[in-house]
Amino acid sequence: MIAYVKGIPAYTRADYAVIDVGGVGYKVFMPLSHLGRLPREEKVVTVYTYLHVREDIQALYGFLSTEDLDIFELLLAVSGVGPKAALSILSTLEPSKLALAVSQSDVKAISSAPGIGKKTAERIVLELKNKIGSGLVDVSDSADYLPGNADLFTDAVSALMGLGYTASEASEAARKAGDADSVEEIIKNSLKYLM
């Protein structure tokens, strides 16, 4: 199995990037948010991968963090969710927002991903509800903070993850930041805990 590829992004398309590794281009399907974060200039990037093999296809799916790869693999463990569906979900919902949607049984948020129906979203909630706290977002600790400012909280966690913090670090810091009126204020207060 290919655990990761380390090379220079040669070019990107709507749902994949070609990573040049020593003169060989690997086609790696990635969430839209990860494609947008690939360096534009010739910088080496590490993409953590999942190799999907069927009798008629071999496809490489990649992520810029091992946490996102773990979430992708968790989604694949749900019956009826294949790599394309899991990628669609991760292109629509940041990992922290997915974790919160699962913990709050927000079927509507999950089914907002293209190709994901209500029944599939319900199955995701049902099968991942007990697994979601382990490493994605510590839902039990943040549950008391969420009801009033759930959108601000998830946006702040997503932004902190974009800065390179893990989902659990970002969630814990945002929770400790306390009640705030804006995403910027939560991020500013969170960074005090993370520095």
Grouping I, L, V, M, F, W and Y whenever their side-chain heavy atoms are under 4.5 Å apart, do Tyr26 and Val53 come out in a common cluster? yes
Donor-acceptor contact below 3.5 Å, side chain Ser190 vs main chain Ile186: yes
Tyr11 and its side chain to side chain contact (heavy atoms under 4.5 Å, CB included) partner, picked from Ile19, Leu38, Asp20, Val18: Val18
Find the distance between CD (Glu73) and OG1 (Thr66) and round it off to the nearest 0.5 Å. 10.0 Å
Side-chain donor/acceptor of Lys129 to backbone N/O of Ser103, under 3.5 Å: yes
Val102 versus Val125, closest heavy-atom pair with distance: O-CG1, 3.9 Å
Check whether Val47 and Leu51 end up in the same hydrophobic cluster, where Ile, Leu, Val, Met, Phe, Trp and Tyr are linked by side-chain heavy atoms less than 4.5 Å apart. yes
Looking at Arg54 and Asp56, is any side-chain nitrogen of the basic one under 4.0 Å from a carboxylate oxygen of the acidic one? yes
Could you check Leu90 against Leu75 for side-chain contact (heavy atoms from CB on, under 4.5 Å), going step by step and ending with a plain yes or no? CA-CA 10 Å; Leu90 292 176; Leu75 284 168; 4.1 Å; yes
Would you find a donor on one side and an acceptor on the other, under 3.5 Å apart, between the side chain of Arg123 and the backbone of Val78? no
Is Val44 linked to Val5 within one hydrophobic cluster, defined over Ile, Leu, Val, Met, Phe, Trp and Tyr using a side-chain heavy-atom separation of less than 4.5 Å? no
Quick check: do Pro114 and Thr92 have side-chain heavy atoms less than 4.5 Å from each other? yes
Donor-acceptor pair, distance only, cut-off 3.5 Å: does the side chain of Ser91 make one with the backbone of Leu87? yes
Going hydrophobic residue to hydrophobic residue with side-chain gaps under 4.5 angstrom, can you get from Leu93 over to Leu76? yes
Close side-chain approach of Leu98 and Leu128, heavy atoms under 4.5 Å: no
Rounded to the nearest 0.5 angstrom, the CD-CD1 distance for Glu122 and Ile116 is 13.0 Å
Interatomic distance, Leu64 atom CG to Met30 atom CE [nearest 0.5 angstrom]: 4.0 Å
Side-chain (Thr49) to main-chain (Ile2) donor-acceptor, under 3.5 angstrom: yes
With Phe63, the ring pair (Phe, Tyr, Trp, His ring centres under 6.0 Å) member among Phe72, Tyr4, Phe29: Phe72
Testing the basics here: between Ile110 and Ala101, what is the closest heavy-atom pair and its distance to 0.1 Å? CG1-CB, 3.9 Å
What is the distance from atom CD1 of Ile71 to atom OG of Ser65, rounded to the nearest 0.5 Å? 7.0 Å
Under 4.5 Å between side-chain heavy atoms, hopping through other hydrophobics if needed: is there a path connecting Val45 to Leu60? yes
Over 60° means perpendicular and under 30° means parallel, so classify the ring planes of Tyr61 and Tyr50, tilted if in between. tilted
